[in-house]
Peer 1: 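Below is one structure. I have some questions about it.
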Amino acid sequence: MKYFQFLIPLLLISVIGYADTEKRYIPKTRCCITDPQHYYFEDPEKIRSRFALYKSNGINTIRMEIDWASIERKEGDWNPSSEIKYLKIAEEFGFRVKLIMGVMMAPPAWYLDKNPEAMLVDQNGLRARNCMSYWYPDLKKIIDSKTKKICDDLKANNLWHIIDYVIPTFGPAGEPIYPHPWTLAYQVTEETFWGYDVNAHKDFRSHMKRKYKSVEKANKAWGTDFDSWDDVIVFQPKTYPGQYWNDMLVWYRDVKRKYINWQIDNTRKHIGDKIVLMYVPGTCYTEDHWNEAVRTGEGNVWIKLMADSKFLIDTAVEKDCWLQYTGVDNAPEVALLRKYIDDKGYTDLVMWGENAGALACAKDPVFLAETIIANRLYGLDYTHAHFALEDDGVTPNAIMPELRKAYRMINGYWYNIEMGSK
């Protein structure tokens, strides 16, 4: 019964393209590819050659990002010309677009230099330049203004109509996680906790004051002997395992949750009836991971990232968003997410599949398609296009025919279901 219920909204989407109850356009496309960002800046004819290849292989949707850092390289010099050129060519070819709204994840260097408190700081004092701090006082103001400006540019250039989805970026690489070494260009190899900037310390202290009222009560709960709240900060891992660390982890998780909720609402304010598409990270922490973190006063990589997939799924349902799982090469995790969705009865929830951005995760598109079909995901967003191309960026390599086969498998699967329902 759950399987049948899940199909009803998808059949409506596939057959007519609209959700009748809301009169809102719903995309019918299931075959997406994501270009590496440097492709946007290439010669227009090279882009056209690549797009022609994509069309011939069944691709109908392009995912691209407009990053604040790329379009305002100097303060006040706003220039999205390369991204606009790229999108106009996409329009020529009839592609639909998933737009990554790259503000949170792409602050310009000049802005961070001018506003150092906008940077996340980890337990070792490393400052992230690929993601703004959740505790930065001007965060919401800057996200709101730059998001509006990007949307206004697309509308002014008559490109808004080709956008089907807008992906709000919740953290580094757009994902709702704290920085991981791969998002920091491997400046470091150790995964760490973040939340050690001045404003984070203030916020933690404020949360603990609200919870415990007096420092004496906090001392009793934590087994500490702080003289005043001024002594309480976000301490280093392994300093105070137990209740203190549990309180820290709840705060560390919830500040990101609160921001995600705010940014979904703020994004929708600017995009109208476009679909808000939320990333779900490749692996999430479990209750056992949490309990072990509390016991040791530390945490594994998924706790440090605070990869919070069940919350994201619940939030997508609550706020009428679609999802994109970013690790569809991880078949066991896909199955766990599908089970959670089914067990919760989320029959209307729609989730794309995207492979992680590494060759090892991208070299077998047919396996990706099999995982998508087995778990009833919506379609495949292949990341990144260069894995299926030779070094010249236009000649298909041995992966491209397999990618074409993968798209055909997905389209064929849903076509057979649609035909069987008639």
Side-chain angles (χ1 to χ4, degrees), residues 27 32-42 47 50-51 54 59 61-73 78-91 95-109 111 128-132 142-155 157 159-160 162-177 179-180 182-185 260 263-264 266-267 270-271 274-281 321-326 352 354-358 362 381-387 393:
C32 184
I33 199 165
T34 300
D35 279 345
Q37 201 168 4
H38 66 269
Y39 279 8
Y40 310 163
F41 303 93
E42 293 182 329
I47 296 173
R50 189 160 47 240
F51 281 179
Y54 294 169
I59 295 164
T61 305
I62 301 289
R63 180 169 51 129
M64 68 89 63
E65 59 192 78
I66 299 183
D67 286 350
W68 177 24
S70 296
I71 59 179
E72 193 176 8
R73 295 180 184 274
W78 187 271
N79 182 15
S81 58
S82 295
E83 290 82 356
I84 295 298
K85 171 202 70 179
Y86 178 88
L87 284 169
K88 283 189 176 294
I89 300 172
E91 182 187 28
F95 287 122
R96 307 305 300 170
V97 174
K98 292 179 180 177
L99 174 65
I100 304 168
M101 190 66 69
V103 182
M104 173 69 165
M105 72 172 188
Y111 187 84
R129 300 185 70 88
N130 66 336
C131 179
M132 300 177 76
I142 201 73
I143 298 295
D144 180 63
S145 65
K146 301 303 179 182
T147 298
K148 180 180 186 302
K149 192 159 180 57
I150 290 170
C151 292
D152 288 347
D153 283 347
L154 294 174
K155 292 169 185 175
N157 282 278
L159 288 166
W160 194 242
I162 70 171
I163 309 294
D164 284 344
Y165 310 85
V166 175
I167 302 169
T169 55
F170 299 128
E175 302 212 32
I177 56 176
H180 185 281
W182 74 264
T183 71
L184 295 162
I260 287 167
Q263 196 176 355
I264 292 169
N266 184 257
T267 299
H270 295 294
I271 69 171
K274 307 297 183 184
I275 293 171
V276 175
L277 187 66
M278 298 168 55
Y279 288 140
V280 177
C321 302
W322 286 28
L323 297 173
Q324 180 150 312
Y325 175 62
T326 65
W352 279 82
E354 169 197 345
N355 56 287
D381 189 332
Y382 185 77
T383 308
H384 293 94
H386 69 277
F387 292 130

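All figures in this text were calculated on a predicted structure; none of them were measured in a lab. Both backbone and side-chain heavy atoms feed into the values below; hydrogens, waters and symmetry mates do not.
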Peer 1: Tell me the closest heavy-atom pair linking Thr183 and Asn130, and the distance in Å.
Peer 2: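 Nearest heavy atoms, Thr183 then Asn130: O-ND2, 2.7 Å.
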Peer 1: Under 4.5 Å between any side-chain heavy atoms of Glu65 and Ile167, yes or no?
Peer 2: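 Of all side-chain heavy-atom pairs linking Ile167 with Glu65, none is under 4.5 Å.
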Peer 1: Among residues at least two apart in sequence or on other chains, which ones pass ring-ring contact (aromatic ring centres under 6.0 Å, His included) with Phe95?
Peer 2: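 ring-ring contact (aromatic ring centres under 6.0 Å, His included) check on Phe95 returns Phe51.
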Peer 1: Indicate whether any N or O donor in one side chain lies under 3.5 Å from an N or O acceptor in the other, for Tyr165 and Trp352.
Peer 2: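 Tyr165 vs Trp352: donor-acceptor pair found between side chains.
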Peer 1: So does Gly102 get a backbone contact from the side chain of Lys146, meaning a donor-acceptor N/O pair under 3.5 Å?
Peer 2: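 Side chain of Lys146 to backbone of Gly102, a donor-acceptor pair under 3.5 Å: no, none is there.
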Peer 1: Quick check: are there more than 12 heavy atoms from other residues, nucleotides or ligands sitting under 6.0 Å from NZ of Lys148?
Peer 2: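 Not more than 12 within 6.0 Å, no.
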Peer 1: Under a 3.5 Å distance rule, please check whether Thr383 uses its side chain to pair with a backbone N or O of Ala356 as donor and acceptor.
Peer 2: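 Flag not set: sc Thr383 to bb Ala356 has no pair under 3.5 Å.
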Peer 1: With sequence neighbours left out, what residues match Tyr40 under ring-ring contact (aromatic ring centres under 6.0 Å, His included)?
Peer 2: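 Expected list: Tyr86.
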Peer 1: I'd like to know if the side chain of Glu83 pairs up with that of Ser70 as donor and acceptor (distance under 3.5 Å, no hydrogens or angles considered).
Peer 2: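 Ser70 and Glu83 do not have a side-chain donor-acceptor pair below 3.5 Å.
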Peer 1: Looking only at atom types and distance, does a side-chain atom of Lys274 sit under 3.5 Å from a main-chain N or O of Trp160, one as donor and one as acceptor?
Peer 2: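 Yes, Lys274 side chain to Trp160 backbone: donor-acceptor pair under 3.5 Å.
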Peer 1: Would you mind reporting whether Ile84 and Leu154 have side-chain heavy atoms less than 4.5 Å apart?
Peer 2: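 Yes; the side chains approach each other to less than 4.5 Å.
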Peer 1: Between Trp182 and His180, what is the ring plane arrangement, given parallel below 30°, perpendicular above 60°, and tilted in between?
Peer 2: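 Trp182 vs His180 ring planes: tilted.
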Peer 1: Assess the side chains of His270 and Asp144: does a donor N or O sit below 3.5 Å from an acceptor N or O?
Peer 2: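 Short answer, yes.
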Peer 1: Assess Lys98 against Trp322: is NZ or CZ under 6.0 Å from the centre of the six-membered ring, and within 45 degrees of the ring's axis?
Peer 2: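 Geometry flag: not set, cation outside 6.0 Å or 45°.
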Peer 1: Any idea which heavy atoms bring Asp67 and Gln37 closest together, and the distance?
Peer 2: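 Looking at all heavy atoms of both residues, the shortest contact is OD2-NE2, 2.9 Å.
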